[in-house]
There are 2 protein chains.
Amino acid sequence: MVQSLTRERPVQRVAKGEQTRDRIMDIAEASVLEKGFAATSIDEILFEACITKSGFFYHFRDKNDLALALIERFRERNLSIFEENFARADELVEDPLQAFLLGLKLLAEIMAEVQTERPGCLVSTFVFQDQQFDGRVRQMLVDVIQVWCAQFLARLERVAEVHPPRVDIPLADLADMLMTVIDGGIIVSKALQEPQIMARQILAYRTFVRTVFLGT
Amino acid sequence: MVQSLTRERPVQRVAKGEQTRDRIMDIAEASVLEKGFAATSIDEILFEACITKSGFFYHFRDKNDLALALIERFRERNLSIFEENFARADELVEDPLQAFLLGLKLLAEIMAEVQTERPGCLVSTFVFQDQQFDGRVRQMLVDVIQVWCAQFLARLERVAEVHPPRVDIPLADLADMLMTVIDGGIIVSKALQEPQIMARQILAYRTFVRTVFLGT
DNA sequence: CAGGGACTGCACCATGAGTGCGGTTTTCCT
DNA sequence: AGGAAAACCGCACTCATGGTGCAGTCCCTG
């Protein structure tokens, strides 16, 4: 990709405004993951971020706008985390199945870590409170999930070309299942406060995938 | 114990109060599933239930108390739904594996229906907002999940006695996976507004179970 | 040194949770 | 039939939170 050298905003100027905005979002995100969106008070964010109410509303039109910014950022970040993760696996192993299986192992480790330090997931949290938000936010949630599922499916299809599946199951369902297991794993391990469940569930899914393509 | 004749509410009297209480809880539950707990306002409940604020606080000490009552009721109800479901399967089929597989099929149907008319799940919703609640509520969430997982595990162990597993996976993880898939399925199908995903995911899990015990 | 970006300060409003308490109606028991 | 408890209603008030509006300030950059 051709990225022009100085493209967009001269490094320094960005810093100030963007910095504050990011700080607000960091604090908000942590609080949302802990207590949910509605229970996250703006006043509390103000206090932690050491700004005034006017400062907050300078950056965000209202709370819904904050939510939108949070998911947007989340989407960018996590998309690349997933991509990088599986891309790394692709580099290490040639066979698409083995690469996917390795990717799942790496994913299990990463997720276990993430769940330990900050349990929860923005998308899931928002899904359970989505009537508070406007259409843009809800559409974003849909997009995030669909893009992930599509990526997983693409991988599985590549695998199936090399290793014809031995179990009768639609690849689309198998792809969705990873998303399902991740989200479900988040709920269960957050509820029980055992981050390892998340990892074990991804590994269980991995076992399923291996069985589908390699047999018992 | 000596229970005096008239001790404990004479059948009829219960009705009135309990009825109102239930109505409040029904309305609250619907709203919680739609918008989340924090976004569910008491005033709105009052309006729909046609009672006054005093009436509400006569039945519930505060919002947390309402949450507690909601999960408690949810636990009783759903525990029996699951039990009845698998018990019905047990009646129809002898082999524990076949019974479990049938139970999963029935479960898929039931869940798809439930998700259609009222997507979401109280437990999941509360898990994502649990810092608002006191310890009793959180403990209840843990209990509900653990009891279910334990039940699933017990079934799988019975299956394993008859059909030695052909895939190397801890039964406990396989049991947890059902819970995980259900919760994850709820999130995904609620987000995408496609109740069928829930059903398909349970069936995918069913395929996995069959493969584990019967091979490809 | 002008001007815009990034705020602060303050005043003010509506909504929602929750309290307090006295009064009223309904229900049930004897 | 009558009395007591249960199941509310009415109202007044508090405090937290989301949100608006606007004038003024500090500071960086061109």
Side-chain angles (χ1 to χ4, degrees), chain A residues 6 8-28 31-32 34-70 126 129 131-134 137, chain B residues 3-28 31-32 34-70 126 129 131-134 137:
Chain A
T6 71
E8 292 289 295
R9 28 184 109 167
V11 193
Q12 260 314 36
R13 193 174 85 245
V14 176
K16 193 67 193 305
E18 209 79 342
Q19 218 174 305
T20 308
R21 200 183 144 92
D22 275 350
R23 206 172 67 247
I24 293 174
M25 287 172 68
D26 288 341
I27 294 166
S31 177
V32 167
E34 233 191 284
K35 310 187 291 187
F37 184 73
T40 294
S41 84
I42 294 182
D43 281 2
E44 164 203 333
I45 297 174
L46 304 183
F47 179 77
E48 283 192 60
C50 295
I51 49 166
T52 62
K53 209 169 234 190
S54 321
F56 176 89
F57 286 105
Y58 172 78
H59 288 288
F60 304 96
R61 204 176 307 115
D62 49 31
K63 242 187 142 186
N64 186 86
D65 195 34
L66 172 63
L68 190 65
L70 284 177
F126 281 161
Q129 327 195 359
Q131 293 307 313
Q132 297 169 63
F133 308 123
D134 63 23
V137 176
Chain B
Q3 309 226 22
S4 70
L5 330 153
T6 72
R7 197 66 248 116
E8 294 286 295
R9 27 184 105 171
V11 192
Q12 258 315 35
R13 193 170 85 243
V14 176
K16 190 66 193 308
E18 208 80 344
Q19 217 174 305
T20 308
R21 200 181 143 92
D22 275 349
R23 207 171 67 248
I24 293 175
M25 286 172 68
D26 288 341
I27 295 166
S31 177
V32 167
E34 234 192 285
K35 309 187 293 187
F37 185 72
T40 294
S41 83
I42 293 182
D43 281 1
E44 164 203 333
I45 297 175
L46 303 183
F47 180 77
E48 284 192 59
C50 296
I51 49 165
T52 62
K53 210 168 232 190
S54 320
F56 177 87
F57 286 105
Y58 172 79
H59 288 288
F60 304 97
R61 205 175 309 115
D62 49 30
K63 244 186 141 186
N64 186 87
D65 196 34
L66 172 63
L68 191 66
L70 284 177
F126 280 161
Q129 325 194 4
Q131 292 308 313
Q132 297 168 64
F133 308 124
D134 63 22
V137 176

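Everything numeric in this text was worked out from a predicted model, so none of it was measured. All heavy atoms count here, side chains included; hydrogens, waters and symmetry mates do not.
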**OP:** Identify which nucleotide among D:dT20, D:dC9, C:dC7 has an atom closest to any side-chain atom of A:Lys53, counting heavy atoms from C-beta outward.
**Re:** D:dT20
Original post:
Rounded to whole angstrom units, what separation is found between the CD1 atom of A:Ile45 and the C1' atom of D:dT17?
Top reply: 12 Å
**OP:** Quick one: label B:Lys63 by what it contacts on the DNA or RNA (base, sugar-phosphate, nothing), any heavy atom closer than 4.0 Å.
**Re:** sugar-phosphate
Original post:
A:Ile42 side chain: which of D:dG19, C:dG16, D:dT17 is closest?
Top reply: D:dG19
**OP:** For residues B:Phe60 and B:Arg21, determine if any side-chain heavy atom of one lies less than 4.5 Å from a side-chain heavy atom of the other.
**Re:** yes
Subject >> Closest to the A:Thr52 side chain, choosing from D:dG19, C:dT8, C:dG5 >> reply: C:dT8
Subject >> Separation of C:dC7 C1' from A:Gln19 CD (nearest whole Å) >> reply: 14 Å
Original post:
What's the spacing between B:Leu68 CG and B:Asp62 CG if we round to 0.5 Å?
Top reply: 10.0 Å
Subject >> Non-hydrogen atoms of B:Ile24 and B:His59 that approach each other most closely >> reply: CD1-CD2, 4.1 Å
Original post:
Counting side-chain heavy atoms from CB outward, which of C:dG18, D:dA7, D:dG19 is closest to B:Phe57?
Top reply: C:dG18
Subject >> Closest to the B:Tyr58 side chain, choosing from C:dG5, D:dA7, C:dA17 >> reply: D:dA7
**OP:** Measure from CG on B:Leu46 to C1' on D:dC11 and round the result to the nearest Å.
**Re:** 15 Å
Original post:
Which part of the nucleic acid, if any, lies within contact of A:Ser54, taking any heavy atom under 4.0 Å across all strands shown: a base, the sugar-phosphate backbone alone, or nothing?
Top reply: base
Original post:
When we call it a touch if two heavy atoms are under 4.0 Å apart, what does A:Arg61 touch: a base, just sugar-phosphate, or nothing?
Top reply: sugar-phosphate
Subject >> Reported NZ-to-CG distance for the pair A:Lys63 and A:Leu70, which is rounded to 0.5 angstrom >> reply: 11.0 Å
